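Structure record follows, encoded as structure tokens.
Computed from a predicted model, the values in this text were never measured in an experiment.
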Amino acid sequence: MSAKNLDRKGRWRNKVVAFRVSPEEDEQIEAAVRLSGLTKQDYIIRRLQEQEVVVVGNPRVYKALKNELARVLEELQRINDSNEVNTDLLNTIELITWTMQGMKDEE
């Protein structure tokens with residue numbers, strides 16, 4: 001069992017919450033977590049509590065952006081017909097756009 005952790009308000013985090021997702025949903029969650037720069041736990045908690053997820057630019061976030069953009073480019077190059085664009089790809093593009101817009105607003 002892992003060590004107990006205190007949250008920012010000094011509360012013990014000793015409850016486990018688990019749920020199942022499809023491989024596609026997992027990839028979307030993983031992409032959002034990578035682009036946020038947060039841990040998966042912190043990202044999911046903030047989203048569930050409808051708190052703002054503020055992306056702070058750091059080398060890890062920039063690398064995640066670069067990798068996600070490479071995946072998007074690869075997928076777009078694979079697609080010949082615009083009818084083949086799936087919603088997962090569009091969601092990823094939208095997430096990258098929001099992340100980059102937030103980083104632009106910081107400057």
Side-chain angles (χ1 to χ4, degrees):
M1 184 172 203
S2 63
K4 293 180 180 178
N5 294 318
L6 290 174
D7 68 3
R8 282 182 240 109
K9 295 182 180 178
R11 298 175 293 203
W12 287 108
R13 287 189 167 167
N14 57 358
K15 292 288 191 178
V16 175
V17 177
F19 53 93
R20 296 180 188 276
V21 295
S22 70
E24 297 81 10
E25 291 167 329
D26 181 58
E27 182 52 40
Q28 282 187 308
I29 293 168
E30 290 293 337
V33 169
R34 284 190 299 269
L35 292 173
S36 74
L38 299 171
T39 65
K40 186 185 284 189
Q41 174 178 309
D42 287 338
Y43 178 82
I44 291 173
I45 288 171
R46 286 185 187 188
R47 293 294 299 206
L48 289 173
Q49 293 177 342
E50 297 180 354
Q51 295 175 353
E52 186 176 6
V53 175
V54 178
V55 177
V56 178
N58 62 42
R60 196 170 86 193
V61 172
Y62 286 114
K63 184 177 179 182
L65 271 171
K66 178 183 169 191
N67 293 339
E68 289 301 320
L69 284 170
R71 283 189 195 112
V72 168
L73 177 61
E74 185 179 303
E75 184 66 15
L76 289 173
Q77 288 172 336
R78 186 191 67 77
I79 296 171
N80 291 326
D81 183 14
S82 62
N83 293 332
E84 291 183 35
V85 177
N86 65 29
T87 57
D88 291 343
L89 179 61
L90 294 176
N91 289 339
T92 300
I93 292 170
E94 185 175 35
L95 185 60
I96 291 170
T97 303
W98 287 341
T99 302
M100 295 191 75
Q101 184 63 43
M103 294 171 100
K104 179 182 173 187
D105 291 344
E106 283 181 8
E107 296 173 354

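Both Leu48 and Leu38 sit in one connected hydrophobic cluster of ILVMFWY residues. Membership requires side-chain heavy atoms under 4.5 Å apart, directly or through other members.
For Arg34 against Ala64, the heavy-atom pair with the smallest separation is O-CB, 3.5 Å.
Put simply, CD1 on Ile93 and CZ on Arg71 are 13.5 Å apart, with the number rounded to the nearest 0.5 Å. A distance of 10.5 Å separates CD of Glu27 from OG of Ser22, quoted to the nearest 0.5 Å. Taken from CG in Asn91 to CD in Gln28, the straight-line distance is 5.0 Å, to the nearest 0.5 Å.
Using a 4.5 Å heavy-atom cutoff, the side chains of Leu65 and Leu35 are in contact. Looking at Leu69 and Lys66, their side chains never come closer than 4.5 Å, going by heavy atoms from C-beta outward.
For Lys40, the side chain to side chain donor-acceptor pair (under 3.5 Å) partners at least two apart in sequence or on another chain are Glu30. With sequence neighbours excluded, the residues that form a side chain to side chain contact (heavy atoms under 4.5 Å, CB included) with Gln51 are Arg46, Gln49. Among residues two or more places apart in sequence or in another chain, the side chain to side chain contact (heavy atoms under 4.5 Å, CB included) test is passed with Val21 by Phe19, Glu25, Asp26, Ile29.
Using a cut-off of 4.0 Å between Lys/Arg side-chain N and Asp/Glu carboxylate O, Asp42 and Arg13 are scored as salt-bridged.
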